[in-house]
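What follows is one structure encoded as structure tokens, with my remarks underneath.
Values below: all heavy atoms of this structure, side chains included; hydrogens, waters and symmetry mates excluded. Naming convention: chains lettered A, B, ... in sequence-line order (proteins, then strands); numbering from 1 in each chain.
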2 protein chains.
Amino acid sequence: MPKRVDHAERRSQIAEALVRVAGRRGLHAVGMRDVAAEAGVSLRLVQYYFETKEKLLLFGLEHLAERFGERATSRVRAAGDSPGPRAMVEALLMAALPTDEESRTFHFVYTSYAVLAVTDQALAAQPFIKNPDAAEDAVTELLRQAREADLLRPGVDPRLEAAGLLALSAGLGTGILVGQRGPESAAAVLGHHLDRIFHTPGQGRE
Amino acid sequence: MPKRVDHAERRSQIAEALVRVAGRRGLHAVGMRDVAAEAGVSLRLVQYYFETKEKLLLFGLEHLAERFGERATSRVRAAGDSPGPRAMVEALLMAALPTDEESRTFHFVYTSYAVLAVTDQALAAQPFIKNPDAAEDAVTELLRQAREADLLRPGVDPRLEAAGLLALSAGLGTGILVGQRGPESAAAVLGHHLDRIFHTPGQGRE
DNA sequence: ACTTTGATGATACAGCCGTACCAAATCAAT
DNA sequence: ATTGATTTGGTACGGCTGTATCATCAAAGT
């Protein structure tokens with residue numbers, strides 16, 4: 001048979017081009033031609049791999065979520081060989097904050113998707129419930145493990161705190177995005193709440 | 001002289017039409033023709049009061065912020081004749097949560113504006129820094145008053161907690177918006193954090 | 001080597017968008 | 001009644017959008 005090209009990789013390349021241009025000019029302002037130009041291919045090729053724009057956007061969202069997942073796990077691994085629950089939770093939440101350019105793009109484009117998803121059923125279907133729910137489950141589980149290891153202050157409800165931490169991180173993130181708050185300030189607030197939940201290793205009281 | 005019409009009121013009527021249709025179909029999908037139809041006027045009239053779409057959007061944002069301010073103060077007043085700081089803070093934060101249709105529209109359209117503002121300098125200029133900063137100042141001041149009245153648990157930093165509460169409320173709000181979380185769940189998380197900050201009136205411990 | 005199949009490029013089509021222009025009503029106050 | 005602000009209607013222009021059509025080019029297997 002003819003030419004062999006890895007379809008999945010081509011689609012990923014195009015999807016990353018979509019994310020890049022969306023991060024620069026906003027998702028609402030992204031056209032097929034922009035994506036094609038950013039990816040360095042022809043408009044026709046974008047249509048060839050994604051027949052319609054809706055499918056492109058959908059795949060772009062999946063790709064974005066996947067890339068963020070990789071980033072998050074990479075951050076967690078960078079926290080040490082066998083990081084404690086606190087370090088893992090902190091790495092997880094900090095990875096979601098738009099501090100550097102990559103995470104800023106991620107947060108921005110993802111929020112744009114979220115806004116679109118409110119009125120677009122096709123977008124809302126999968127990721128915007130399943131994805132944060134998974135994160136909440138993960139953090140909840142980490143807090144449970146921490147509680148068993150007696151790393152938490154007494155009276156801490158893992159599920160409630162996990163939900164709060166994630167919502168807090170999201171809110172701080174958009175605060176940074178719109179320029180209301182600096183990354184340091186957001187990190188300080190987040191750190192304060194982690195201190196509130198976790199015992200400080202060395203001392204009993206802060 | 002000819003017909004006397006209150007320009008400010010007409011502009012407000014059109015702006016509310018903009019908010020309504022934006023709440024239904026999304027801000028990105030709003031056109032001048034849609035606004036005109038929703039307001040029950042001609043397209044020409046919309047151009048008459050707002051020469052350009054950008055000015056219409058700008059005024060729509062100001063109008064939205066103003067309307068939300070009124071709603072918030074009304075909610076605070078509804079909390080009682082002389083509500084305690086906790087009731088005021090709670091009313092403030094709860095007013096921002098998209099529970100009923102009105103607040104849902106507000107939160108949705110406002111978030112849409114925030115996303116637009118990231119790439120649109122004209123939109124970002126005023127409201128997205130000044131506005132939340134004012135809210136943070138207000139909550140901070142309320143917490144300070146509460147601390148002086150010995151209503152807070154020891155070791156509470158008003159500014160830090162105010163920033164956290166507002167970011168938390170914003171994050172929970174978008175969580176509700178995208179369908180990840182119910183209003184009750186969000187209210188529970190928020191209430192938990194208020195309990196954490198404020199003393200429960202009757203008892204020393206929860 | 002050639003054909004088949006995949007990949008690519010250029011062009012064109014409707015359709016909607018914001019904006020603009022023109023002409024004609026409508027109505028209150030002088 | 002004249003004046004002038006207000007409102008409406010129609011109509012049209014570029015420009016952009018997503019999508020479709022046509023033709024072409026490259027490679028792999030019988």
Using the ring of A/Phe59 (Phe, Tyr or Trp, six-membered ring only), decide whether A/Arg11 places NZ or CZ under 6.0 Å from its centre and within 45 degrees of its axis.
->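 Yes, a cation-pi geometry holds between A/Arg11 and A/Phe59.
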So, do B/Phe128 and B/Tyr110 have ring centers that fall under 6.0 Å from each other?
->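 Close enough - the centres of the two rings lie under 6.0 Å apart.
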Using whole Å, report how far OH of A/Tyr48 lies from C1' of C/dA10.
-> 18 Å
Rounded off to whole Å, could you give me the OH-to-P distance for the A/Tyr49 and C/dG6 pair?
-> 11 Å
Lys/Arg-Asp/Glu bridge criterion (N-O < 4.0 Å) met for A/Arg75, A/Glu90 |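 Salt bridge flag = no for A/Glu90 with A/Arg75.
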Before accepting this row, confirm whether a basic side-chain N of the pair A/Asp195/A/Arg86 lies closer than 4.0 Å to the acidic partner's carboxylate O.
->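 So A/Asp195 pairs with A/Arg86 through a salt bridge.
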Polar side chain donor-acceptor pair, B/His193 to B/Glu161, under 3.5 angstrom = no
Side chains of A/Gln47 and A/Arg44: donor-acceptor distance under 3.5 Å anywhere?
->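 No, no side-chain donor-acceptor contact under 3.5 Å.
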Listed in order of residue number, which residues of residues 9-26 of chain B have a non-hydrogen atom at under 4.0 Å from DNA chain C?
->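 Heavy-atom cutoff 4.0 Å gives no residues at all.
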B/S/- along nucleotides 15-22 of chain C (protein heavy atoms under 4.0 Å) is ---BBBBB
Quick one: sort the A/Phe68 and A/Phe106 rings into parallel, tilted or perpendicular, breaks at 30° and 60°.
->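 Answer is parallel, since the angle falls under 30°.
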A/Asp100/A/Ser103 under side-chain hydrogen bond (donor to acceptor under 3.5 Å, both in side chains): CA gap, chis, key distance, verdict = CA-CA 6 Å; A/Asp100 54 20; A/Ser103 57; 2.6 Å; yes
Hey, does the side chain of B/His7 come within less than 4.0 Å of D/dA5's phosphate (OP1/OP2), counting only N and O?
->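 So the side-chain polar atoms of B/His7 never come under 4.0 Å of the phosphate oxygens OP1 or OP2 of D/dA5.
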